[in-house]
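Notes to accompany the following structure.
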Amino acid sequence: MASESRHLSVSRHLSVCIDRPAGAVYAYVSNPANLIEWAPGLGSAVARRDGDWYVETPDGQVKIEFVPPNPHGVLDHDVTMPSGEVVYNPMRVIADGDGCEVVFTLRRRPGMTDEEWARDADLVAGDLARLARVQGG
């Protein structure tokens, strides 16, 4: 029997509940122009050039590309690092009565140290908490 090679990532699901309708939160988060307001852990400035969105980070400029708008609350996005590495980030807005839950799946990249993994988790948790404050939840 031939063995199949595959890569399995370790993931952490980080979430926040927001007391606003899922559609309103989805519309806000899906607009890259709002990134720096709720996700300052990602970078310091956002700009659109030639139809693409870029964020200034401590490591240089990264490209952000969300999946097309959809009715399912899916906000998955690719972050293209200055090195050219593409990091896939699963993200969802899930309706919950009159409010919603935003879930970000943080995937551990190959070669990350425990400290880097913990730092990324802390940054994402902080960004989600800020999103809840900005959205009034």
Side-chain angles (χ1 to χ4, degrees):
M1 175 181 220
S3 67
E4 194 175 303
S5 175
R6 64 184 194 177
H7 174 74
L8 297 175
S9 287
V10 175
S11 298
R12 285 184 65 186
H13 304 287
L14 303 160
S15 68
V16 66
C17 293
I18 300 176
D19 191 20
R20 291 208 55 212
V25 174
Y26 176 86
Y28 176 80
V29 175
S30 66
N31 182 349
N34 295 326
L35 270 170
I36 301 310
E37 183 176 338
W38 69 269
L42 178 61
S44 59
V46 64
R48 187 169 185 159
R49 283 194 328 272
D50 302 323
D52 293 322
W53 288 94
Y54 296 90
V55 176
E56 285 299 326
T57 75
D59 297 325
Q61 198 170 74
V62 300
K63 179 180 170 186
I64 306 289
E65 185 175 6
F66 282 94
V67 296
N70 62 83
H72 307 292
V74 176
L75 288 166
D76 294 5
H77 54 284
D78 288 331
V79 177
T80 304
M81 308 300 280
S83 66
E85 174 190 13
V86 178
V87 179
Y88 169 64
N89 299 283
M91 188 173 181
R92 306 285 187 277
V93 176
I94 303 165
D96 184 13
D98 292 337
C100 65
E101 180 180 17
V102 178
V103 180
F104 186 100
T105 300
L106 180 64
R107 304 181 84 192
R108 187 170 184 162
R109 296 190 326 267
M112 282 186 101
T113 66
D114 290 344
E115 292 77 20
E116 290 169 329
W117 174 238
R119 188 196 81 229
D120 277 4
D122 287 345
L123 288 172
V124 170
D127 288 346
L128 290 175
R130 184 174 177 91
L131 174 62
R133 285 192 305 275
V134 168
Q135 287 292 289

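All values below were derived from every heavy atom in this structure, side-chain atoms included, with hydrogens, water molecules and symmetry-related copies excluded.
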Quick check for you: to the nearest 0.5 Å, what is the distance between [X] atom [atom1] and [Y] atom [atom2]?
{"X": "N89", "Y": "I64", "atom1": "CG", "atom2": "CD1", "answer": "7.5 Å"}
{"X": "I18", "Y": "L131", "atom1": "CD1", "atom2": "CG", "answer": "4.0 Å"}
{"X": "W38", "Y": "N31", "atom1": "CH2", "atom2": "CG", "answer": "11.5 Å"}
{"X": "R133", "Y": "L128", "atom1": "CZ", "atom2": "CG", "answer": "11.0 Å"}
{"X": "F104", "Y": "L75", "atom1": "CZ", "atom2": "CG", "answer": "10.5 Å"}

Residue list, side chain to side chain contact (heavy atoms under 4.5 Å, CB included) with [X], at least two apart or on another chain:
{"X": "V46", "result": "I36, W53, V55"}
{"X": "D96", "result": "none"}
{"X": "R107", "result": "S9, S11, Y88, P90, T105"}
{"X": "E85", "result": "M81, S83, V87, R109"}

Give the minimum heavy-atom separation between [X] and [Y], together with the two atoms involved.
{"X": "P82", "Y": "Q61", "result": "CG-O, 3.5 Å"}
{"X": "A121", "Y": "L14", "result": "O-CD1, 3.8 Å"}
{"X": "V86", "Y": "T80", "result": "CG2-OG1, 3.8 Å"}

key: ring-ring contact (aromatic ring centres under 6.0 Å, His included) partners of Y54, counting only residues at least two apart   =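 For Y54, no residue satisfies ring-ring contact (aromatic ring centres under 6.0 Å, His included) once neighbours in sequence are set aside.
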Salt bridge (charged side-chain N to carboxylate O under 4.0 Å, His left out) pairs, two or more places apart, involving [range]:
{"range": "residues 51-62", "result": "D52-K63"}
{"range": "residues 42-51", "result": "none"}
{"range": "residues 71-84", "result": "D76-R92"}

query = Remaining members of L123's ILVMFWY cluster at a side-chain heavy-atom cut-off under 4.5 Å?
reply =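 Members other than L123 - counting any ILVMFWY side chain reachable under 4.5 Å - there are none.
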ask   = When Ile, Leu, Val, Met, Phe, Trp and Tyr are grouped by side-chain heavy atoms lying under 4.5 Å apart, directly or through other members, which residues fall in the same group as V67?
value =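 Taking Ile, Leu, Val, Met, Phe, Trp and Tyr as members, V67 shares its hydrophobic cluster with V74.
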key: Flag side-chain contact, heavy atom, 4.5 Å: M112 against D120   =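 Result yes, sub-4.5 Å side-chain heavy-atom pair found.
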request  = Taking the side chain as every heavy atom from C-beta outward, state whether D127 and P40 have any pair of such atoms under 4.5 Å apart.
outcome  =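 Touching, per the 4.5 Å side-chain cut-off.
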Donor-acceptor contacts under 3.5 Å from residues 21-30 side chains, at least two apart:
residue : atom : partner : partner atom : Å
Y26     : OH   : N70     : N            : 3.1
Y26     : OH   : N70     : ND2          : 3.4
Y28     : OH   : E37     : OE1          : 3.4
Y28     : OH   : E37     : OE2          : 3.4
S30     : OG   : Y26     : O            : 2.9
S30     : OG   : A27     : O            : 3.2

inquiry  = Please enumerate all residues that pass salt bridge (charged side-chain N to carboxylate O under 4.0 Å, His left out) together with D98, with sequence neighbours excluded.
reply    =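 If we apply the salt bridge (charged side-chain N to carboxylate O under 4.0 Å, His left out) test to D98, skipping adjacent residues, there are no hits.
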